[in-house]
Asker: 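Please see the structure below; I have some questions.
Just so we're clear, the structure is a prediction, and the values are computed from it rather than from any experiment. Basis for what follows: all heavy atoms, side chains included, without hydrogens, waters or symmetry-related copies.
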Amino acid sequence: MAKLSAGVLLYRFAGTDVEVLIAHPGGPFWARKDAGAWSVPKGEYAEDEEPWDAAQREFAEELGAPPPAGPRTDLAPVRQAGGKVVTVFAVHGDFDPAEATSNTFTLEWPRGSGRVAEFPEIDRVAWVSVAVARGKLVSGQRPLLDQLMALPELAGYGEGRSDDVVGG
């Protein structure tokens, strides 16, 4: 049985372009990784849990606040390279990345040292253009951007430039 994960892809309009809110995983493994390391705020859930309930819970745990109550669109699930099935809900709304406060996890680091340290699950959150997100998201989640941009309510909006600076 594949692991299940659910998340919220928050989006907003920046002039004539679309921006998405993405999160960078915390901890020592991800510290120096950027391209292909970011994710939609998401987390695992049990088969008997509703994906939308899990997505809202995970957003709140990883960012410290519930997702905005904006209109929600169910995107088709995607399968990541490791086999995890990710169900994501696109929500139009806003969130201040400076207000993000992530839950934490503990890890022996360095491995084998006997020292246990606490790390945030998410160490950075940023609004980026869809074009920038295409390079920053883990590859298995990039098809979600295609689904987002295909939504009828986004017709006529662009993806921005891929050389935009990560913003807040």
Asker: Is the backbone of Arg161 close enough, under 3.5 Å, to the side chain of Ser129 for a donor and an acceptor to pair up by distance?
Answerer: yes
Asker: Could you tell me whether the side chain of Val86 reaches within less than 4.5 Å of the side chain of Lys42, counting heavy atoms only?
Answerer: yes
Asker: Does a donor on one side chain and an acceptor on the other come within less than 3.5 Å for Glu118 and Thr104?
Answerer: yes
Asker: Can you tell me how far CD of Glu121 sits from OG of Ser102, rounded to the nearest 0.5 angstrom?
Answerer: 5.5 Å
Asker: So for atom CD, which belongs to Glu47, do other residues, nucleotides or ligands contribute more than 12 heavy atoms lying within a distance under 6.0 Å?
Answerer: no
Asker: Measure the CG-CZ distance between Asp146 and Arg134 for me, rounded to the nearest 0.5 Å.
Answerer: 4.5 Å
Asker: Can you check whether Phe59 reaches Leu10 side chain to side chain, under 4.5 Å on heavy atoms?
Answerer: yes
Asker: Check whether any side-chain heavy atom of Lys136 sits under 4.5 Å from a side-chain heavy atom of Ile22, and report yes or no.
Answerer: yes
Asker: Measure across Pro143 and Gly140 and return the closest heavy-atom pair with its distance rounded to 0.1 Å.
Answerer: CD-O, 3.6 Å
Asker: Tell me whether Glu108 at atom CD has more than 12 heavy atoms from other residues, nucleotides or ligands lying less than 6.0 Å away.
Answerer: yes
Asker: Answer whether the closest heavy-atom distance between the side chains of Val91 and Gln56 falls below 4.5 Å.
Answerer: no
Asker: For a quick test of reading the model, state the closest non-hydrogen atom pair linking Ala90 to Leu151 and the distance between them.
Answerer: CB-CD1, 4.4 Å
Asker: Stepwise, does the side-chain contact (heavy atoms from CB on, under 4.5 Å) test hold for Leu63 with Ile122?
Answerer: CA-CA 8 Å; Leu63 292 127; Ile122 298 297; 5.6 Å; no
Asker: Distance from Leu21 atom CG to Asp94 atom CG, nearest 0.5 Å?
Answerer: 9.0 Å
Asker: How about Leu137 and Leu145: do any of their side-chain heavy atoms sit closer than 4.5 Å?
Answerer: yes
Asker: Using a 4.5 Å cut-off on heavy atoms from C-beta on, say whether the side chain of Val138 contacts that of Gln80.
Answerer: yes
Asker: Between Arg12 and Asp17, does any NZ, NE, NH1 or NH2 come within less than 4.0 Å of an OD or OE carboxylate oxygen?
Answerer: no
Asker: Are His92 and Glu153 side-chain neighbours, meaning at least one heavy-atom pair lies under 4.5 Å?
Answerer: no
Asker: Give the cluster check for Phe13 versus Val20: same hydrophobic cluster or not, with ILVMFWY residues linked at side-chain heavy-atom distances below 4.5 Å.
Answerer: yes
Asker: We want to know whether Ser39 and Gln141 form a side-chain donor-acceptor pair, criterion being a heavy-atom distance below 3.5 angstrom.
Answerer: yes
Asker: Might you work through the side-chain contact (heavy atoms from CB on, under 4.5 Å) test for Arg142 and Val78, ending with a clear yes or no?
Answerer: CA-CA 9 Å; Arg142 292 177 190 156; Val78 295; over 6 Å; no
Asker: What distance separates Asp53 CG from Glu58 CD, expressed to the nearest 0.5 Å?
Answerer: 12.0 Å
Asker: To the nearest 0.5 Å, how far apart are CD in Glu50 and OH in Tyr45?
Answerer: 8.5 Å
Asker: Can we say Glu49 and Arg57 salt-bridge, meaning some charged N sits less than 4.0 Å from an Asp/Glu carboxylate O?
Answerer: yes
Asker: For the residue pair Ala65 and Phe95, what are the closest heavy atoms and their distance?
Answerer: CB-CE1, 4.0 Å
Asker: Could you state whether Val88 and Met149 fall into the same hydrophobic cluster, counting links through intermediate Ile, Leu, Val, Met, Phe, Trp or Tyr residues with side-chain heavy atoms under 4.5 angstrom apart?
Answerer: yes
Asker: If you look at every heavy atom in Pro25 and Ala37, which pair is closest and at what distance?
Answerer: CD-O, 3.2 Å
Asker: Could you tell me whether the side chain of Trp127 and the main chain of Asp96 form a donor-acceptor pair under 3.5 Å?
Answerer: no
Asker: Verify the cluster assignment for Tyr157 and Val132: are they in a single hydrophobic cluster under the rule of side-chain heavy atoms below 4.5 Å apart?
Answerer: yes
Asker: Taking all non-hydrogen atoms of both residues, which atom of Pro97 and which atom of Val125 are closest, and how far apart?
Answerer: CB-O, 3.3 Å
Asker: Nearest 0.5 Å, please: how far is CG in Asn103 from CD in Glu62?
Answerer: 6.0 Å
Asker: Going by heavy atoms in the side chains, are Tyr11 and Leu154 under 4.5 Å from each other?
Answerer: yes
